[in-house]
Amino acid sequence: MTHDAEPADPSSTPAPGTRPADPSSTPAPGTRPADPSSTPAPGTRPAGRVFVSCDSAARSVGADEVAERIAAQAAEVEIVRTGSRGMLWLEPMVEVETPEGRVGYGPVAPEDVDGLIAAGMLTGSPSIAGCLGLVDELPWMAKQQRVTFARVGVVDPISTTDYVAHGGMKGLRAALELPPAEVVEAVVESGLRGRGGAGFPTGIKWRTVLGAEADLKFVCCNADEGDSGTFADRMLIEGDPFTLIEGMTIAAYAVGAAEGYVYLRSEYPDAVATLTTAIERARAEGWLGPDILGSGFGFDLQVRVGAGAYICGEETSMLESLEGKRGMVRSKPPIPALQGLFGRPTVVNNVLSLATIPAILADGAVKYAAYGTGRSLGTSVFQLGGNVARGGIVETAFGITLGELVNDFGGGTASGRPVRAVQVGGPLGAYLPVEQFGLPMDYEAFAAAGAMVGHGGIVVFDDTVDMAAMARFAFEFCAAESCGKCTPCRVGAVRGVETIDRIMTDTAGSDRARNLVLLDDLCELMTDGSLCAMGGLTPMPVRSAVRHFGEDFHA
Amino acid sequence: MTSEVVAAAPVPVPGRAQRVRELALARQDLRGPLIPILHAVQEELGYVAPADVAVLADVLNLSVAEVHGVVTFYKDFRRTPAGRTTVTICQAEACRSVGAVALAAHAQATTGCGFGETTADNRLTLEQTYCFGNCALGPAVQVGDKLHGRVTPTRLDALLGDAR
């Protein structure tokens with residue numbers, strides 16, 4: 001993996017509550033001596049370390065209660081709350097540190113804890129029910145190429161010491177050795193494209209901002225991950241927030257920005273809390289502020305919480321919202337790179353794009369670009385959700401097929417029924433049938449198939465799904481979330497719901513053909529005439545549902 | 001479904017205008033301060049009352065219409081108080097694929113509330129959202145501050161029963 005362990009930076013004082021470096025990160029399993037720095041005060045020596053996720057998905061199925069029960073039963077054990085490894089069907093998962101590595105157990109219900117401890121869970125016993133073996137060797141983990149998510153699930157998210165011990169801050173240190181223009185060119189060379197959905201090359205955007213003359217420039221992280229089926233931003237922020245902070249700082253240095261904002265959705269309160277704490281600790285370490293790492297470069301960062309508007313995931317709506325206005329789309333040009341927040345040149349990137357920057361600077365653009373296929377270079381974080389047996393996050397090089405993700409990683413449906421459809425790329429992405437499972441995850445290959453990779457979210461549906469109802473919902477969602485500025489989106493979505501309703505209630509079938517033509521015409525108008533992707537892409541799920549699942553569009 | 005709903009009229013609270021002014025003044029130096037101020041008002045006072053809008057407009061030197069426009073654009077900002085516990089059910093695609101529509105119908109039948117409504121005894125407010133980011137463990141329901149995954153109708157009944 002890209003983040004090799006290195007000794008903790010002696011200049012970085014651990015923030016209160018942080019823990020010593022994780023000795024399990026050193027190589028050569030089984031030969032590792034005890035880490036003297038982890039020796040606690042006399043009389044409080046823990047029997048060992050146990051890891052339980054504090055990711056909100058894990059918490060939603062009882063991770064807090066499991067951690068509390070372990071604490072109550074085994075006070076001598078140190079419990080580290082990490083992010084989630086991303087194997088969400090195994091949450092709550094308990095990992096126990098052993099000389100060979102971390103041994104996992106899961107899913108563990110709170111009421112299972114006493115029995116598991118009695119059977120030897122806290123010694124890493126492999127012979128008890130629910131033991132998964134070494135977590136790093138599980139096929140789900142071993143088959144991935146984790147770059148952006150390398151530390152997620154491994155480290156204590158708000159420990160600066162853990163962060164540095166697992167390769168954190170190497171990217172920023174490397175960037176500060178270079179002139180800003182060379183940092184920008186490294187990002188261009190890496191081939192990194194925007195992970196928010198549009199896939200625009202990140203380095204080209206930075207080059208525009210670097211070249212713009214202004215008294216003040218901004219870096220804005222778009223963390224308004226509102227798409228159903230996408231949760232990688234949330235997991236990254238809850239599991240490794242310092243990598244986002246480091247990535248934004250590198251972006252600021254590269255383009256000459258002094259201030260940064262993370263626009264984070266209000267639906268993610270745990271992510272808001274984790275990131276806010278991480279920013280405070282980063283400031284205390286000198287990783288943010290007027291003189292970052294003694295370089296003389298200054299940059300600071302704030303979290304801004306959204307207020308429940310999907311459209312604010314669109315970059316210009318997000319800027320309006322940050323300015324304190326209704327989140328209504330701006331027409332482009334001017335592009336935000338030249339006239340963004342408060343009219344100043346602004347980098348607007350997604351969480352995953354920014355969180356990948358430190359690894360690119362630390363390990364080199366060439367290494368990152370070596371992953372991937374065609375013009376889709378590097379890795380992508382795919383999210384498996386919906387009716388899926390093994391849901392969670394999978395980071396691999398681009399080019400893996402849809403079928404490999406849904407069947408091999410996902411294990412088919414949770415209901416055990418046949419997969420009928422998957423929606424890829426969020427609520428504005430296409431519905432694809434199993435016949436398309438050979439498609440490689442690649443921006444261009446998906447576009448050629450009338451679909452989009454988007455933010456890498458994959459939602460699985462079994463054969464009970466009513467695809468006309470899902471197409472209707474796409475319009476309903478657009479009608480509810482449209483900012484209202486342009487007519488094709490605001491009115492078209494309402495007319496779309498009405499047209500599908502007419503098709504679905506047309507028992508005689510006399511007007512079905514005419515209404516399907518009308519539906520197609522409406523979709524074309526929304527695609528061509530909408531001001532932004534909200535109205536412009538809503539036809540994608542609708543048209544793909546009609547194309548691939550036309551038999552559902554009968555009364 | 002809506003027969004038990006209370007049209008909750010905000011009761012004027014003494015000192016409220018002064019407190020709203022303080023919350024706004026404390027944040028007025030932020031860049032683009034209005035949304036952080038609205039969050040602060042709602043967090044402390046429960047909702048953003050029509051009278052608050054005039055106070056905020058005055059502090060920030062905006063028109064009442066501008067502030068009103070922002071308050072009404074965002075779903076998070078309520079203009080009347082909510083019930084004691086807010087129950088929010090995700091209705092987005094991933095949760096729909098595992099029964100979120102039926103779960104919502106069950107919740108509406110059980111509480112007698114539609115989305116956006118509060119029970120007559122002011123105990124519960126029912127809301128919908130599109131996505132908590134718990135898409136691999138749906139259906140997702142938030143009760144108060146706590147998110148729950150894989151919520152069945154039976155489990156929802158237990159959660160609603162606990163929310164007293």
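Just so you know, these numbers come straight off a predicted model, no measurement behind them. Lettering follows sequence order; numbering is per chain, from 1.
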Among G69(B), G99(B), G138(B), P33(B), which has the most heavy-atom pairs under 4.5 Å with chain A? G69(B)

Please report the interatomic distance CG(L322(A)) to CG(L34(B)), rounded to the nearest 0.5 Å. 12.5 Å

Could you look at V305(A) and say if it's the side chain, the backbone, both or neither that has a heavy atom under 4.5 Å from chain B? both

Comparing G457(A), G392(A), G306(A), A414(A) against chain B, the one with the most heavy-atom pairs below 4.5 Å turns out to be G306(A)

Quick check on E66(B) against chain A: is it the side chain, the backbone, both or neither that has a heavy atom closer than 4.5 Å? neither

Are Y431(A) and E93(B) close enough that some pair of their side-chain heavy atoms sits under 4.5 Å apart? yes

For the residue pair C131(B) and G226(A), what are the closest heavy atoms and their distance? CB-O, 4.0 Å

Of all heavy-atom pairs linking M328(A) and F73(B), the shortest is CG-CE1, 4.0 Å

For chain B, the option from G391(A), S56(A), G308(A) that forms the most heavy-atom pairs under 4.5 Å: G308(A)

What part of V98(B) is in contact with chain A, defined as an atom under 4.5 angstrom from a non-hydrogen atom: side chain, backbone, both or neither? side chain

For H39(B) and A307(A) the tightest heavy-atom approach is NE2-CB, 4.0 Å

Per-residue contact mode, D462(A) against chain B (heavy atom under 4.5 angstrom): neither

Ring center gap for Y130(B) and F477(A) short of 6.0 angstrom: yes

Taking 4.5 Å as the heavy-atom cut-off, does anything in residues 23-32 of chain B contact chain A, and if so which residues? L30(B), R31(B), G32(B)

What heavy-atom pair brings A94(B) and S228(A) nearest, and what distance separates the two atoms? N-OG, 2.9 Å

Should we count NE2 of H106(B) as having more than 12 external heavy atoms under 6.0 Å? yes

Going through the checks in order, is the salt bridge (charged side-chain N to carboxylate O under 4.0 Å, His left out) test met by E481(A) and K75(B)? CA-CA 10 Å; E481(A) 298 290 351; K75(B) 283 194 291 292; 2.7 Å; yes

Please identify, among Q423(A), E259(A), M470(A), the residue contributing the most non-hydrogen atom pairs under 4.5 Å to chain B. E259(A)

Part of L137(B) lying under 4.5 Å from any heavy atom of chain A: side chain

Would you say the side-chain atoms of H148(B) pair up with the backbone N or O of R59(A), donor to acceptor, closer than 3.5 Å? no

Give a yes or no answer on whether the side chain of S97(B) reaches the backbone of F461(A) with a donor-acceptor pair at less than 3.5 Å. no

Proximity breakdown for I393(A) and chain B, heavy-atom pairs closer than 4.5 Å: neither

Can you find a pair of side-chain heavy atoms, one from Q383(A) and one from C135(B), that are under 4.5 Å apart? no

Measuring heavy-atom distances to chain B, does M235(A) have an atom under 4.5 Å in its side chain, in its backbone, in both, or in neither? neither

Heavy-atom pairs under 4.5 Å with chain A - which of Q142(B), R96(B), K146(B) has more of them than the others? R96(B)

Name the region of E323(A), side chain, backbone, both or neither, that has any atom closer than 4.5 Å to a heavy atom of chain B. backbone

Measure L88(A) against the heavy atoms of chain B and call it side chain, backbone, both or neither at under 4.5 Å. both

Is it the side chain or the backbone of C483(A) that comes within 4.5 Å of chain B heavy atoms, both, or neither? both

Quick one: pull up CZ in F231(A) and CZ in F132(B) and give me the separation to the nearest 0.5 Å. 15.5 Å

Run E267(A) and T129(B) through side chain to side chain contact (heavy atoms under 4.5 Å, CB included) and show every step you take. CA-CA 9 Å; E267(A) 291 84 348; T129(B) 194; 4.0 Å; yes

I'd like to know if the side chain of R234(A) reaches the main chain of G133(B), judged simply by a donor and an acceptor atom lying under 3.5 Å from each other, with no hydrogens or angles considered. yes

Counting only N and O atoms by type, is there a donor-acceptor contact under 3.5 Å from the side chain of S60(A) to the main-chain atoms of L147(B)? no

So, the part of R390(A) with a heavy atom under 4.5 Å from chain B: the answer is neither

Are side-chain N/O atoms of Y74(B) and S321(A) paired as donor and acceptor at under 3.5 Å? yes

For E44(B), which residues count as a side chain to side chain donor-acceptor pair (under 3.5 Å) partner, sequence neighbours excluded? R19(B)

Pick whichever of Q302(A), R265(A), E91(A) has the most heavy-atom pairs under 4.5 Å with chain B. R265(A)

